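Inspection log for the structure reproduced underneath, given as structure tokens.
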Amino acid sequence: MGGPEVIERVEVSVFTTTAWTAVDPHGHRHPSAEHEVREALLEITDSDGVVGRVQVHPDQLRPAVLDSIVKPVLIGADPWDREGLWRKMARKQRGSHGRFTDRALGYVDTALWDLVGKKVGQPVWKLIGGARERVPAYASTMCGDEIPGGLSTPGDYASFAKQLVERGYRAIKLHTWMPPVPGAPSVRADIAACEAVREAVGPGVELMLDANHWYSRTEALELGRALEALDFYWFEEPMEEASISSYRWLAEQLSIPVIGPEVAWGKHLSRAEWITAGACDILRAGPTDVGGISPTLKALHLAEAFNMDCEIHGDGSASLAVLGGTDNGRWYERGLLHPLHDFDRVPPHRLAIADPLDADGHVTLTSSPGLGDEFDVEHIREHTVE
Ligand SMILES: O=C(O)[C@H](O)[C@@H](O)[C@@H](O)C(=O)NO
Ligand SMILES: [Mg+2]
């Protein structure tokens with residue numbers, strides 16, 4: 001055996017691939033014509049030649065951040081020291097003056113988990129603890145739009161909901177119309193879409209609403225009361241999440257569970273404040289929001305200590321890993337889905353999607369070492385542009 005294992009390389013390759021969705025000026029994703037996009041792959045390689053990989057947004061892990069913050073912590077470090085390395089990197093955020101985001105930290109942490117899973121030949125969800133082998137998925141729709149036959153009317157949402165139930169989903173979360181769609185946001189339009197979907201699927205399907213993020217307290221209360229009458233399962237992000245007191249005010253007045261925070265800054269620490277403030281009935285955390293798999297697990301365990309569910313934000317292998325390793329999150333968020341978008345289509349830079357859905361609406365956890373992402377490394381190498 002050689003000397004101690006150390007991390008030798010940390011690289012981000014920007015490559016071109018094909019996409020069939022695009023984000024609007026407010027960052028909400030919608031179907032689009034096929035077009036070329038740039039994505040990026042973070043690779044962390046150790047002295048045994050094992051590579052941890054995670055797909056990243058090219059703008060989120062910029063060379064300056066990689067060279068000045070990430071590499072000085074990782075190069076030469078023990079690849080097993082995830083917690084220690086995470087804390088060293090997290091404490092560099094303050095001095096980065098906003099350049100080193102939670103999302104960038106999350107990518108690095110996630111790649112380190114992939115690396116150690118590959119080193120021992122075990123899936124990450126098994127390393128975390130192996131709480132279940134499959135997890136039920138809810139269908140998370142794209143936001144509403146103005147596309148004929150898309151999600152442009154309550155009737156569109158209703159017919160798509162029926163298709164989703166036929167596909168095997170037992171739960172559906174609506175994202176309704178948001179700016180820049182004209183007339184959005186609208187409490188009345190949101191209620192109309194929720195009424196149409198409940199009417200279409202009947203009482204046996206769990207329904208959730210992820211509303212526009214900037215309603216006022218009174219708008220959120222009106223909407224929440226309407227969801228109660230429709231027996232919705234949770235109410236998500238109707239207001240700016242920086243106002244914990246607004247969510248406490250709302251949760252105190254509603255019987256429908258209020259879930260959050262999704263995007264509020266502060267990792268698992270802010271989530272402790274949300275719980276103790278009574279600002280949520282269900283906690284929320286995601287590896288891309290709170291700085292990776294490591295802090296997401298801390299949020300899950302924190303929620304468990306309060307007998308709370310913690311629902312994981314976002315699709316993909318990192319979300320599946322934490323859901324396989326714990327059991328106080330009930331659902332995998334599969335999406336974003338749209339009647340005119342084939343979510344199961346494999347993009348050129350992958351050999352398979354990460355989350356195939358079975359006939360009864362579940363996703364089976366990977367049996368592959370690490371996170372289980374099947375990247376087409378040859379495509380990525382051939383299409384690397386930076
Ligand atoms: O970009 C976003 O805000 C998220 O993708 C969001 O649309 C969606 O994932 C969400 O809110 N899920 O709960
Ligand atoms: Mg959300």
Side-chain angles (χ1 to χ4, degrees), residues 7 9-14 39-46 50-62 65-66 69-71 73-74 77-90 92-93 100-120 122-129 135 262-263 267-268 284-301 310 312-326 329 332-333 349-350 353-355 363 365-366 368-375 377 380:
I7 293 170
R9 291 196 307 279
V10 180
E11 299 150 313
V12 172
S13 310
V14 179
E39 293 290 353
L41 185 71
L42 166 64
E43 295 178 287
I44 300 177
T45 308
D46 78 358
V50 183
V51 189
R53 290 192 172 106
V54 67
Q55 183 175 331
V56 307
H57 190 288
D59 299 339
Q60 279 286 353
L61 204 48
R62 299 183 300 280
V65 167
L66 210 63
I69 295 175
V70 177
K71 287 182 180 176
V73 172
L74 292 192
D78 184 331
W80 292 99
D81 292 356
R82 273 180 325 286
E83 179 64 19
L85 295 172
W86 186 89
R87 291 179 73 82
K88 277 182 187 163
M89 287 186 285
K92 284 186 169 279
Q93 287 185 294
F100 186 37
T101 62
D102 284 348
R103 197 163 289 231
L105 172 59
Y107 289 141
V108 178
D109 178 76
T110 300
L112 287 172
W113 275 98
D114 186 49
L115 176 56
V116 290
K118 287 170 178 170
K119 289 179 73 62
V120 294
Q122 284 294 333
V124 169
W125 67 274
K126 279 283 190 188
L127 286 186
I128 290 171
V135 60
E262 173 165 313
V263 295
K267 305 185 182 75
H268 50 295
R284 189 154 180 72
T288 55
D289 304 309
V290 299
I293 287 174
S294 302
T296 301
L297 291 173
K298 294 179 180 180
L300 276 155
H301 298 152
C310 177
I312 302 304
H313 172 219
D315 63 318
S317 59
S319 293
L320 285 167
V322 297
L323 284 164
T326 61
Y332 168 65
E333 179 171 15
H349 64 282
R350 284 182 179 259
I353 60 172
D355 55 2
V363 176
L365 277 306
T366 183
S368 303
L371 291 167
D373 284 303
E374 295 181 59
F375 293 112
V377 179
I380 291 171

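Source: prediction; values computed, not measured. The basis for the numbers below is simple: all heavy atoms, side chains too, and nothing from hydrogens, waters or symmetry mates. FYI, the numbering just counts along the sequence from 1.
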Does any part of the side chain of [Y], heavy atoms only, come nearer than 4.5 Å to the side chain of [X], both counted from C-beta?
| X | Y | answer |
| --- | --- | --- |
| Val108 | Ile44 | yes |
| His349 | Leu41 | no |
| Leu365 | Lys126 | no |
| Phe100 | Val70 | yes |
| Ile128 | Trp113 | yes |

Please find the pair of heavy atoms, one from [X] and one from [Y], that lie closest to each other, and give the distance.
| X | Y | result |
| --- | --- | --- |
| Leu323 | Gly329 | CD2-O, 3.9 Å |
| Ile7 | Leu112 | CD1-CD2, 3.8 Å |
| Val54 | Thr110 | CG2-CG2, 3.9 Å |
| Leu42 | Ala111 | CD2-CB, 3.8 Å |
| His268 | Trp86 | CE1-CH2, 3.9 Å |
| Ser319 | Ile312 | OG-CG2, 3.6 Å |

For the atom pair [atom1] ([X]) and [atom2] ([Y]), what is the distance rounded to the nearest 0.5 Å?
| X | Y | atom1 | atom2 | answer |
| --- | --- | --- | --- | --- |
| Ser317 | Ile293 | OG | CD1 | 7.0 Å |
| Arg9 | Leu74 | CZ | CG | 13.5 Å |
| Leu297 | Glu83 | CG | CD | 10.0 Å |
| Thr366 | Asp355 | OG1 | CG | 11.5 Å |
| Tyr107 | Gln60 | OH | CD | 5.5 Å |
| Asp315 | Leu320 | CG | CG | 8.5 Å |

Exam field: side chain [X] to backbone [Y], donor-acceptor pair closer than 3.5 Å:
| X | Y | value |
| --- | --- | --- |
| Asp78 | Trp80 | yes |
| Tyr332 | Gly316 | yes |
| Asp46 | Val50 | yes |

| field | Pairing residues for Lys118 by the side chain to side chain donor-acceptor pair (under 3.5 Å) criterion, not counting sequence neighbours | value |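 Counting only residues at least two positions away or on another chain, Lys118 forms a side chain to side chain donor-acceptor pair (under 3.5 Å) with Asp114.
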
Indicate yes or no: does [X] engage [Y] in a salt bridge with an N to O separation below 4.0 Å.
| X | Y | value |
| --- | --- | --- |
| Glu333 | Arg284 | yes |
| Arg103 | Asp289 | yes |
| Asp109 | Arg82 | no |

Quiz item: Is the count of non-hydrogen atoms from other residues, nucleotides or ligands lying under 6.0 Å from Lys88 atom NZ greater than 12?
Solution: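 No, the 6.0 Å shell around NZ holds no more than 12 heavy atoms from other groups.
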
Note to self: Just to verify, which of Glu11, Glu374, Glu43 counts as forming a salt bridge (Lys or Arg N to Asp or Glu O under 4.0 Å) with Arg53?
What the structure shows: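 Exactly one option meets the salt bridge (Lys or Arg N to Asp or Glu O under 4.0 Å) with Arg53, and it is Glu43.
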
